[in-house]
Number of protein chains: 2
Amino acid sequence: MARPTLVSVARDAGVSRQTVSNALNAPDRVAPETLARVLDVVERTGYRPSRAAQQLRTQRAQSLGFRLQPRTDGIGGTVLDAFLHALTEAAQDVGHRVVLFTAADDAQETTRVEDLLGSRAVDGFVLTGTHRDDARTAWLAGRGVPHTSFGRPWPAVGAPAEPPAAAGAEGCWTDVDGAAGTETATRHVWALGHRRVAFVGWPAGSGSGDDRREGWARAVRDLTGRAPSPRDDARVEDGAAPGRAAVLALLDAPSPPTAVVCASDSLALGARAAAVERRAALDVVGFDDTPVAEAVGLTSVRQPLDAAAASVLEQLLALVDGEQPPVPRRLLAPSLAVRRPGG
Amino acid sequence: MARPTLVSVARDAGVSRQTVSNALNAPDRVAPETLARVLDVVERTGYRPSRAAQQLRTQRAQSLGFRLQPRTDGIGGTVLDAFLHALTEAAQDVGHRVVLFTAADDAQETTRVEDLLGSRAVDGFVLTGTHRDDARTAWLAGRGVPHTSFGRPWPAVGAPAEPPAAAGAEGCWTDVDGAAGTETATRHVWALGHRRVAFVGWPAGSGSGDDRREGWARAVRDLTGRAPSPRDDARVEDGAAPGRAAVLALLDAPSPPTAVVCASDSLALGARAAAVERRAALDVVGFDDTPVAEAVGLTSVRQPLDAAAASVLEQLLALVDGEQPPVPRRLLAPSLAVRRPGG
DNA sequence: TTGTACGCGTTATCAG
DNA sequence: CTGATAACGCGTACAA
């Protein structure tokens, strides 16, 4: 048996094919009895409209482009994977599909985007890792291509920390409030009785890294009444090894901290290792709640990825429909996944 | 300016639209001079054929479905992510796209597959984690839907370890030879001077787990001339905590092993932790070469994911074209990523 | 070698 | 509320 089509359903139901289309797209325009008969045939034959034909007619691919990042060296890459999963799920719930592409660099990304766009394979793009004056954002905006980014467009490295030229021209984005996350983490260990909380983060200049550091500093200021000591503010590259080294240094100094808030689970993993080596009772909090954190029982800041995906989707679909999203820029609050070591 | 189309290109080039189509799809059928003129216009206007229209005509979506697994608890999930990346890259190199979908369970997966298939959004599916008599495989095969799996269809848990009923009816697959991987790992630590090599793997019954154990056992038999001691064969659930516990037990026993080959990086991570705790000089080898392994300097068995993706794609595209793939079932050999702790 | 006619499956418009 | 007609953009026999 061939695949059912609009005309075959119409024939089986004894109506015209337009009636079938109406029954599906505007049920209120068709007589209840006819509707039931049509729907019955649809059900029996398992008919589904052909997306290609639909797209040809409506000029909508009902698909979103997503660039799969090059395999990252660290553990943090899993966050984007988890986001992608949430995005895919949210998209398919509203009848959209996520189409993947890869690119070695930003130039190649433009090529891929042109391919996807030119062949009308997608309606818009979900971007990640954008920064202020991002070439991709500008390129897309210049062509009127709908796009939303997961993550605030941080100022480019070395760029002045001023607001963008045209504040209103800033694109749509959804992000998670990293500062709120580390602040919560710091308050959490404070509540556990720790009075000396250090931070292990990345070198200054990375938007999200500075953001996470700021949350810790803010909490320390609030709780102790004075600014955190620079000695408690380690700045190293991401990774377990750098994290371990940084924490070993902290622990070997006089009057070491009893708790450490980290900018990533990788760093936290290293911090944990250092503590074990020194047999120090050190409470460690990670960031991103990656599978590793769960595996080793690490308390970690968890990003609300389902909510983030839903928000990005809401924004992008509004843009695709030519509307202004209700909330063009949205900052989501993370939560804390509290665990016990070995747990 | 509106999007260029076949007719607009024809108009600009002063030819009929059929000539444009020929210039693109059968360049040898058109006069060189005309060809040049047409291609020039195509280049200038950035024309690309509409995939929707093409698909409507050719009945090919040029898209492959891939189920994004639920976020896994362990670290091992990153292997599939890396495979997906490789697959996306390989697919786009031959003008195909990867379309994602998610499903909470196998029943829901069937629904999603019906959606994608019914709406003709994909030409076939790439499966992962299949087992013998897999309901999905049977379902797809029954409907003549092209599909290939990454991973051998292991016998279902509890099923007899016999070959499938109809050997020839087995579907297409590409897999990595896990046994070869652990055998290489075992020989590696042997070459390093270790004469007592233990294995930390999963409980019997998981296809790939048993496979990996077998490689270790084979190497030990070959190297020592006798079967490995059951005492050196730990069987625990996946995860750093179980791995740590298992290795603590091994180390606390009389005459402990000096090297451990693990069925996963998660287990290896736990093994490493146990060694540090006991201050034991234990060489640990993981499996899958996840980012974590690189982060903490863990030697690990690396799967050739690019080759696997290429193979899966070759098989699936052949199936889509109604042909029998040259190599319907392919087993790839892994390699060993040798690292030093802290590195 | 190039141009003409038709159909792929849908949706939108406009009569009835 | 229903049914005929057109059009979306492209590929492909077929005719010139």
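A note on names: the letters A, B, ... follow the listed sequences, proteins ahead of strands, and every chain is numbered from 1. These numbers come from the heavy atoms of this one structure, side chains and all, not from hydrogens, waters or symmetry mates.
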Which part of the nucleic acid does [X] contact within heavy-atom distance under 4.0 Å: base, sugar-phosphate only, or nothing?
{"X": "A/D28", "result": "sugar-phosphate"}
{"X": "B/S21", "result": "base"}
{"X": "A/V7", "result": "nothing"}
{"X": "A/R17", "result": "base"}

Minimum-distance nucleotide to [X] side chain [options: [options]]:
{"X": "B/S16", "options": "C/dT4, C/dT10, C/dT13", "result": "C/dT4"}
{"X": "A/S50", "options": "C/dG9, C/dT11, D/dG11", "result": "C/dG9"}
{"X": "A/T19", "options": "C/dG3, D/dC10, D/dG3", "result": "D/dG3"}
{"X": "A/P49", "options": "C/dT10, D/dC8, D/dT2", "result": "C/dT10"}
{"X": "B/R57", "options": "C/dT11, D/dT12, C/dT10", "result": "D/dT12"}
{"X": "A/L56", "options": "D/dC8, C/dT10, D/dT2", "result": "D/dC8"}
{"X": "B/A31", "options": "C/dT11, C/dT1, C/dG9", "result": "C/dT1"}
{"X": "B/Q18", "options": "C/dT4, C/dT2, C/dG9", "result": "C/dT4"}

Next on the checklist: Against A/T174, only a single residue in A/Q315, A/R152, A/R330 fulfils side-chain hydrogen bond (donor to acceptor under 3.5 Å, both in side chains); can you say which?
Outcome noted: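 That would be A/Q315; it is the only one of A/Q315, A/R152, A/R330 passing the side-chain hydrogen bond (donor to acceptor under 3.5 Å, both in side chains) with A/T174.
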
Checklist entry - For B/N22 and C/dT1, is the shortest distance between a side-chain N/O and OP1 or OP2 below 4.0 Å? => result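 Negative; the distance criterion is not met.
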
